[in-house]
Amino acid sequence: AQSVTQPDARVTVSEGASLQLRCKYSYFGTPYLFWYVQYPRQGLQLLLKYYPGDPVVQGVNGFEAEFSKSNSSFHLRKASVHWSDWAVYFCAVSMGNYAQGLTFGLGTRVSVFP
Amino acid sequence: DPKIIQKPKYLVAVTGSEKILICEQYLGHNAMYWYRQSAKKPLEFMFSYSYQKLMDNQTASSRFQPQSSKKNHLDLQITALKPDDSATYFCASSQERGIYFGPGTRLLVL
């Protein structure tokens with residue numbers, strides 16, 4: 001069965017600094033990978049999705065992620081963080097069969113300070 | 001305008017009672033899902049439906065029963081509620097591989 005590990009439960013970053021959130025997946029086969037963001041008291045919003053192809057994926061609000069098959073990773077990056085990026089970020093993996101849903105990591109809580 | 005509507009937003013129930021969580025999506029998607037988010041646990045996939053038919057059920061308990069009266073509706077009936085059922089329940093839908101989530105129903109069972 002597939003699994004997702006987000007090793008950092010909390011990350012604190014200064015506004016304007018760069019951000020990297022780590023995601024490691026475990027899956028036998030070709031994964032489909034996703035990053036979601038959950039703002040306080042809201043539902044999940046899709047940031048970006050990876051289908052087999054270009055390993056660097058561009059998302060919304062300046063986010064991008066890079067897939068590495070050798071490292072089983074799908075790390076999320078942003079060059080310059082804004083205070084509005086204060087949220088919880090979830091990495092998820094799918095087998096590509098939409099009927100079977102997504103497997104999520106525990107999430108990384110990002111706090112942004114001036 | 002919200003594309004996935006969940007009602008109610010908040011719900012308080014007593015142990016042993018029954019509740020129905022409502023979900024409607026206006027994205028034109030054929031697949032719908034229920035997920036549960038509990039404290040200190042990963043977001044957990046519960047059910048998937050496609051064209052109103054159950055595709056996958058990862059919920060061990062029969063107390064959780066999805067109901068689809070229309071293609072864009074997928075309600076969740078929970079019977080014999082327990083305090084451990086307290087969580088936020090998210091409805092979601094997809095057409096391609098990206099899954100889009102509703103705002104959630106926060107359930108508290110006392």
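Just so we're on the same page: letters track the sequence lines, and every chain starts at 1.
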### Message
Can you confirm if the aromatic rings of A:Phe90 and A:Tyr36 lie within a centre distance of less than 6.0 Å?
### Response
no
### Task
Answer with side chain, backbone, both or neither: which region of A:Gln38 has an atom nearer than 4.5 Å to a non-hydrogen atom of chain B?
side chain
### Query
Which region of A:Leu46, side chain (C-beta onward) or backbone (N, CA, C, O), has a non-hydrogen atom less than 4.5 Å from a non-hydrogen atom of chain B, or is it both or neither?
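The answer is the side chain of A:Leu46.
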### Task
For chain A, find its close neighbours in residues 16-23 of chain B: heavy-atom separation under 4.5 Å, sorted by number, or none.
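Residues qualifying by a heavy atom under 4.5 Å from chain A are absent, so none.
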### Task
Could you please state which residues from residues 101-110 of chain B sit under 4.5 angstrom from chain A, measuring non-hydrogen atom to non-hydrogen atom, sorted by number, or 'none'?
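At a heavy-atom separation under 4.5 Å, chain A is reached by B:Phe101, B:Gly102, B:Pro103.
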### Query
Side chains of A:Tyr32 and A:Tyr50: does their closest heavy-atom pair fall under 4.5 Å?
no
### Query
Are any of the side-chain heavy atoms of B:Tyr51 and B:Met32 separated by less than 4.5 Å?
no
### Task
Just do the side chain to side chain donor-acceptor pair (under 3.5 Å) check on B:Tyr35 and B:Gln37 with the steps written out, would you?
CA-CA 7 Å; B:Tyr35 284 78; B:Gln37 186 177 40; over 6 Å; no
### Query
Is the charged tip of A:Arg22 near the ring of A:Phe74: under 6.0 Å from the six-membered ring centre and within 45° of its axis?
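The answer is no, since A:Arg22 fails at least one limit relative to A:Phe74.
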### Message
For B:Asp84, I'd like to know if atom CG has over 12 heavy atoms of other residues, nucleotides or ligands within 6.0 Å.
### Response
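12 or below, so no.
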### Message
Using a 6.0 Å cut-off, check whether atom CZ of A:Arg109 has over 12 heavy atoms from anything other than its own residue.
### Response
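No - once you tally the heavy atoms of other residues, nucleotides and ligands closer than 6.0 Å, there are 12 at most.
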### Message
Regarding B:Asp56 and B:Gln58, do their side chains bring together a donor and an acceptor under 3.5 Å, going by distance alone?
### Response
yes
### Query
If only atom types and distance count, is the side chain of A:Lys24 paired as donor or acceptor with the main-chain N or O of A:Asn71 below 3.5 Å?
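A pair under 3.5 Å: yes.
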### Task
Look at B:Asp85 together with B:Arg63 and state whether they make a salt bridge at an N to O cut-off of under 4.0 Å.
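The answer is yes: the pair qualifies as a salt bridge.
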